[in-house]
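What follows is a set of notes on a single structure, which appears directly below.
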Amino acid sequence: MWKRTLAGVVAGLLFFAGVYVFYSVSLVKEKPVHINIAYTVDYEQMAQFADLIVLGSAQEPVERRDAVIQYFPSTKASNLNGAKQVESMITYTKLKIDEIYKDKNGAFEQKNAKITVIEPFVLLHEWNGKSKYIQEGYTEMKMAGSYLLFLKQSPKNDHYYIIRDNDGKEEILAKDEQERQAEIKSVLLKHNVKSAAAQSEQ
C-alpha cells in the first residue's frame, strides 16, 4: 500500500516539476535596461532628418532574428551579485517595405524591398528560460505588425536605425483599409512629411 502511495507522490511531484520547467522555459522574462541617451534630433525634425519614411512589416519572429549583446567589463562595480551588466544590445529585424513616403537617397525604386532595421533589444535563451533584454521604454516590432517608420541609414553599413527609437515608430493598428489609410495620413501630417520630402528634393 505504501509503495502505491509513494509512487503516486513521486508521479505528482514529477508532473508539477515538468509543468514548472515548461513554463519557466517557454515564458519570456522581460528585463528592461536603462541606457542614457542624448538624442541629437528633436521630435519635430524627425521627418526632415530621415533618409527613409516607410510603412513596413517585420518578416521573422523575434526568436529567429540575429542579435548581439555586449556587457561591461567584469568589475566589482559592474558585476553586482554575479550578474553581468548590459552595455548594449542590438537585434537585426528584417523588414518588408509596403509603402514608401520618403526616400532621400533614391535607394528604392519600388515597394516590397527588404531592409534590415536595428532595434535596441535582445532575446536570450538562458539556463532558466528566455530573457528579453530591452532598452527601457522601447517596444519591439512584432512579426507581421504594420509600422510607419522614420529611419536613418547607419554610416557603417546598409542597415537602418529608428530615429529616436519609439518616437520614430508608429504601429498602425486599424484593420479596415479606409481606417488604415486615415491613420497613416494622420501620422504623416503630424510630422509634416510632405514638406520634408519636398525639401530633400531641392
Side-chain angles (χ1 to χ4, degrees), residues 20-54 56-97 104-105 107 113-171 191:
Y20 174 79
V21 171
F22 172 78
Y23 281 104
S24 295
V25 173
S26 60
L27 292 178
V28 177
K29 295 180 285 294
E30 185 163 310
K31 300 181 178 181
V33 179
H34 177 72
I35 299 177
N36 291 321
I37 299 177
Y39 294 119
T40 58
V41 179
D42 292 335
Y43 181 84
E44 294 78 11
Q45 297 175 326
M46 288 196 307
Q48 183 175 347
F49 183 70
D51 291 327
L52 270 180
I53 301 176
V54 300
S57 53
Q59 297 299 289
E60 294 179 327
V62 170
E63 292 82 359
R64 291 179 54 190
R65 302 178 197 177
D66 293 333
V68 176
I69 188 167
Q70 292 183 331
Y71 300 95
F72 284 106
S74 180
T75 65
K76 289 183 179 180
S78 65
N79 199 19
L80 301 176
N81 299 321
K84 293 181 179 179
Q85 302 298 300
V86 176
E87 181 178 12
S88 64
M89 61 249 163
I90 291 175
T91 286
Y92 299 97
T93 298
K94 294 180 181 177
L95 188 92
K96 181 175 74 71
I97 296 177
K104 183 177 180 180
N105 301 321
K114 302 283 197 313
I115 61 173
T116 298
V117 176
I118 298 170
E119 294 194 84
F121 80 96
V122 166
L123 181 67
L124 295 182
H125 294 262
E126 299 180 313
W127 68 271
N128 58 344
K130 299 176 185 176
S131 296
K132 181 171 66 179
Y133 294 86
I134 187 164
Q135 181 177 300
E136 195 173 52
Y138 185 77
T139 304
E140 78 276 10
M141 288 190 283
K142 300 175 179 61
M143 180 178 175
S146 185
Y147 298 89
L148 204 160
L149 302 169
F150 295 76
L151 303 171
K152 191 72 176 177
Q153 186 170 357
S154 168
K156 299 179 181 179
N157 48 48
D158 59 355
H159 299 160
Y160 290 83
Y161 65 88
I162 303 171
I163 300 171
R164 293 181 59 91
D165 300 317
N166 261 352
D167 288 342
K169 174 173 58 66
E170 297 264 3
E171 185 174 8
H191 292 282

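This is a predicted model, so every value here is computed, not measured.
Remark: the backbone N or O of V41 is paired with a side-chain donor or acceptor of R164 at under 3.5 angstrom. A donor-acceptor contact shorter than 3.5 Å is absent between the side chain of Q70 and the backbone of V68. N105 contributes no side-chain N or O that, together with a main-chain N or O of A107, makes up a donor-acceptor pair within less than 3.5 Å. Within the 3.5 Å criterion, the main-chain N or O of K104 finds no donor-acceptor partner in the side chain of D51.
K96 contributes atom NZ, which lies 9.5 Å from atom OG of S146 (distance to the nearest 0.5 angstrom). Put simply, CZ on F150 and OH on Y161 are 14.5 Å apart, with the number rounded to the nearest 0.5 Å. Note that the CD1 atom of I162 and the CG atom of D167 stand 11.0 Å from one another [nearest 0.5 Å]. For the atom pair CE of M143 and CD of Q59, the computed distance is 7.0 Å after rounding to the nearest 0.5 Å. Between I115 atom CD1 and L151 atom CG the span is 5.0 Å, to the nearest 0.5 Å. L149 contributes atom CG, which lies 10.0 Å from atom CD1 of I53 (distance to the nearest 0.5 angstrom).
Looking at heavy atoms from C-beta onward, H191 lies in side-chain contact with M46 at the 4.5 angstrom threshold.
Across all their heavy atoms, F121 and E140 have their closest contact at CE2-CB, 3.3 Å. Shortest non-hydrogen contact noted between I90 and Y92 is CG2-CZ, 3.7 Å. Here the shortest heavy-atom pairing between A67 and V122 reads CB-CG2, 4.0 Å. Closest non-hydrogen pair, Y71 versus L124, comes out as OH-CD1, 3.6 Å.
The pair K142-E171 does not count as a salt bridge, with every side-chain nitrogen at least 4.0 angstrom from each carboxylate oxygen. Using a 4.0 Å cut-off between charged side-chain N and carboxylate O, E119 and K169 make no salt bridge.
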Legend entry - Residue pair I134, M89: steps toward the side chain to side chain contact (heavy atoms under 4.5 Å, CB included) verdict: CA-CA 8 Å; I134 187 164; M89 61 249 163; 5.5 Å; no

Inset, instruction - Apply side chain to side chain contact (heavy atoms under 4.5 Å, CB included) to the pair T139 and N166, showing each step before the final yes or no. - result: CA-CA 7 Å; T139 304; N166 261 352; 4.2 Å; yes

Legend entry - Pair T116-D158, side chain to side chain contact (heavy atoms under 4.5 Å, CB included): steps then yes or no: CA-CA 8 Å; T116 298; D158 59 355; 6.0 Å; no

Legend entry - Steps toward side chain to side chain contact (heavy atoms under 4.5 Å, CB included) verdict (E63, L123): CA-CA 7 Å; E63 292 82 359; L123 181 67; 3.8 Å; yes

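Remark: the R65 side chain and the T93 side chain contain an N/O donor-acceptor pair separated by less than 3.5 Å. One side chain, Q135 or D165, offers a donor N or O that lies under 3.5 Å from an acceptor on the other.
For the pair K152 and F49, the cation-pi criterion (under 6.0 Å, within 45° of the ring axis) is fulfilled.
The salt bridge (Lys or Arg N to Asp or Glu O under 4.0 Å) test applied to E60 returns K94, not counting sequence neighbours. In this view, D42 satisfies the salt bridge (Lys or Arg N to Asp or Glu O under 4.0 Å) rule with no residue, not counting sequence neighbours.
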